[in-house]
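Beneath this line is the structure, given in structure tokens, with notes to follow.
As the structure is a computational prediction, the values presented were derived from the model and not from experiment.
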Amino acid sequence: KMHEVFESGEVVDAAFDFFDKSFLARIVPEFNDQGEVKTILCITRDMTELREAQKTVERSERRLRATFQQAVVGFCHLSLDGELIRSNPKARALLEITSDTAQRVRLEERLHPDDVEVFKVGFQRVARGQLERFESELRCGIREGHRWLRLTLSLVSHNIEEQPYLFLVIEDIQSRRQAELETESLKEKLAQGQRLEQLGLMAGGVAHDFNNLLVGIVGSASLALENLPEGSPVYQDVEMVLEAGRRAGDLARQMLAYA
């Protein structure tokens, strides 16, 4: 670099390492009366701390980028009008979009029609600063049927280099919701079984009481039939009462067996 300054007569900046230190040097030519470079002035600045700070920032950015890209939940940045700015692979998989079309997608286009209004209201309140965070469980997706996702939305407004945007976290809760539905179904079946059991107990109680009444009726009809002559005008009527009582008794025994 020094030879370059002697030859060109121009100021040159150069960075170099010396042992475990980093320096930034500005090499300034000094001219004689004939306009030739006679000497050079070298001004150096110790940049070790700044270089280490830059390396720390770069490592932190790489970690954040890897976290964003490889996270098991979906991360998205949305503009204030709801368009997708950037997203990680998991978010695109859950929303069923490709990287080629991601930036042309509005999130509400991926929602179940019944859930769009809920999302719009929450989105607008967060975008206007009226709500710090919006959380909701909504149905998303088109090609493979709607999946249940948990969406958490917040506003990012402290970045001076960009316009404010919204940060969206997407969690897949399909398995949990499916398990909840199965649990509810089992509860309903259990409740139905309990109702049938109670109905059986009630039927058993009614059949038992009914049978007790029939014992008296059949017994009285049998005695009356024995004391009536066959030619009596009520003989056949009593005989019909006795037969009906016996049939009713069979029915009561069937009800007791069911109970």
Side-chain angles (χ1 to χ4, degrees), residues 56-195:
T56 300
V57 171
E58 290 172 358
R59 287 194 295 268
S60 177
E61 288 179 347
R62 286 195 297 270
R63 286 195 296 268
L64 287 174
R65 190 175 297 110
T67 300
F68 187 86
Q69 293 296 326
Q70 301 174 22
V72 296
V73 296
F75 292 144
C76 297
H77 292 167
L78 305 174
S79 66
L80 296 182
D81 59 1
E83 290 186 354
L84 204 60
I85 300 173
R86 62 185 66 89
S87 58
N88 69 345
K90 185 63 176 180
R92 293 193 292 273
L94 292 173
L95 296 175
E96 297 180 3
I97 56 178
T98 64
S99 56
D100 295 334
T101 61
Q103 294 188 350
R104 298 194 297 271
V105 170
R106 296 178 64 86
L107 187 63
E108 62 192 56
E109 298 172 355
R110 317 306 295 178
L111 298 179
H112 189 283
D114 294 342
D115 296 337
V116 171
E117 190 61 30
V118 174
F119 176 77
K120 278 185 175 181
V121 172
F123 182 93
Q124 291 170 1
R125 293 190 64 191
V126 173
R128 294 170 182 169
Q130 300 171 346
L131 189 67
E132 181 178 354
R133 182 172 61 184
F134 169 72
E135 297 181 12
S136 186
E137 295 182 358
L138 305 175
R139 289 159 290 179
C140 298
I142 295 177
R143 291 193 302 271
E144 299 177 1
H146 290 89
R147 295 180 64 83
W148 279 99
L149 304 177
R150 180 177 181 82
L151 306 183
T152 303
L153 194 64
S154 57
L155 181 65
V156 180
S157 58
H158 62 273
N159 191 333
I160 61 175
E161 296 181 358
E162 293 184 282
Q163 292 293 326
Y165 61 89
L166 288 92
F167 181 56
L168 177 67
V169 179
I170 308 174
E171 302 171 75
D172 187 354
I173 60 169
Q174 179 70 14
S175 297
R176 196 205 76 197
R177 290 297 295 250
Q178 187 64 35
E180 289 176 350
L181 289 175
E182 291 175 358
T183 300
E184 288 299 321
S185 177
L186 289 174
K187 287 182 178 178
E188 178 59 29
K189 289 180 180 178
L190 179 60
Q192 185 177 5
Q194 291 174 340
R195 289 194 295 269

Leu78 vs Leu84, side-chain contact (heavy atoms from CB on, under 4.5 Å): CA-CA, chis, key distance, verdict: CA-CA 5 Å; Leu78 305 174; Leu84 204 60; 3.3 Å; yes
Considering all heavy atoms, the nearest Val118-Ser136 contact: CG1-OG, 4.0 Å
side-chain hydrogen bond (donor to acceptor under 3.5 Å, both in side chains) involving Asp81 - partner list, sequence neighbours excluded: Ser79
Asp115: side-chain hydrogen bond (donor to acceptor under 3.5 Å, both in side chains) partners, not counting sequence neighbours: Arg139
Shortest non-hydrogen contact from Pro113 toward His146: CD-NE2, 4.4 Å
Pairs satisfying salt bridge (Lys or Arg N to Asp or Glu O under 4.0 Å), at least one member in residues 173-183, at least two apart: Glu137-Arg176, Glu137-Arg177, Arg176-Glu180, Arg177-Glu180
Spacing of CZ belonging to Arg92 relative to CG belonging to Leu94, to within rounding of 0.5 Å: 11.5 Å
CD1-CG distance between Ile85 and Leu168, expressed to the nearest 0.5 angstrom: 11.5 Å
Point-to-point distance, once rounded to the nearest 0.5 Å, from NZ of Lys120 to CD of Glu108: 4.5 Å
Considering all heavy atoms, the nearest Ile170-Val73 contact: O-CB, 3.5 Å
Results of side-chain contact (heavy atoms from CB on, under 4.5 Å) for Glu61 - residues two or more places apart only: Val57, Arg65
side-chain contact (heavy atoms from CB on, under 4.5 Å) assessment of Cys76 paired with Leu107: CA-CA 10 Å; Cys76 297; Leu107 187 63; 5.9 Å; no
Residue list, ring pair (Phe, Tyr, Trp, His ring centres under 6.0 Å) with Phe123, at least two apart or on another chain: Phe119
Under the side-chain contact (heavy atoms from CB on, under 4.5 Å) test, residues paired with Gln174 that sit two or more places apart: Arg147, Trp148, Asp172, Gln178
Test item: Thr183 side-chain N/O and Ala179 main-chain N/O as donor-acceptor pair under 3.5 Å: yes
Ring pair (Phe, Tyr, Trp, His ring centres under 6.0 Å) partners of residues 167-188, not counting sequence neighbours, each pair once: Phe75-Phe167, His77-Phe167
Closest contact, heavy atoms only, Gln69 versus Asn88: CA-CB, 4.1 Å
Salt bridge (Lys or Arg N to Asp or Glu O under 4.0 Å) partners of Glu184, counting only residues at least two apart: none
Sequence-distant partners of Glu135, salt bridge (Lys or Arg N to Asp or Glu O under 4.0 Å), two or more places apart: Arg133, Arg150
Test log, rule side-chain contact (heavy atoms from CB on, under 4.5 Å), inputs Leu149 and Leu138: CA-CA 6 Å; Leu149 304 177; Leu138 305 175; over 6 Å; no
Heavy-atom closest pair, residues Pro164 and Leu155: CB-CD1, 4.4 Å
side-chain contact (heavy atoms from CB on, under 4.5 Å) partners for Ser60, two or more places apart: Arg63, Leu64
Pairs flagged by side chain to side chain donor-acceptor pair (under 3.5 Å) wherever residues 121-132 is involved - sequence neighbours left out: none
Counterpart residues, side-chain hydrogen bond (donor to acceptor under 3.5 Å, both in side chains), relative to Glu188 (two or more places apart): Arg195
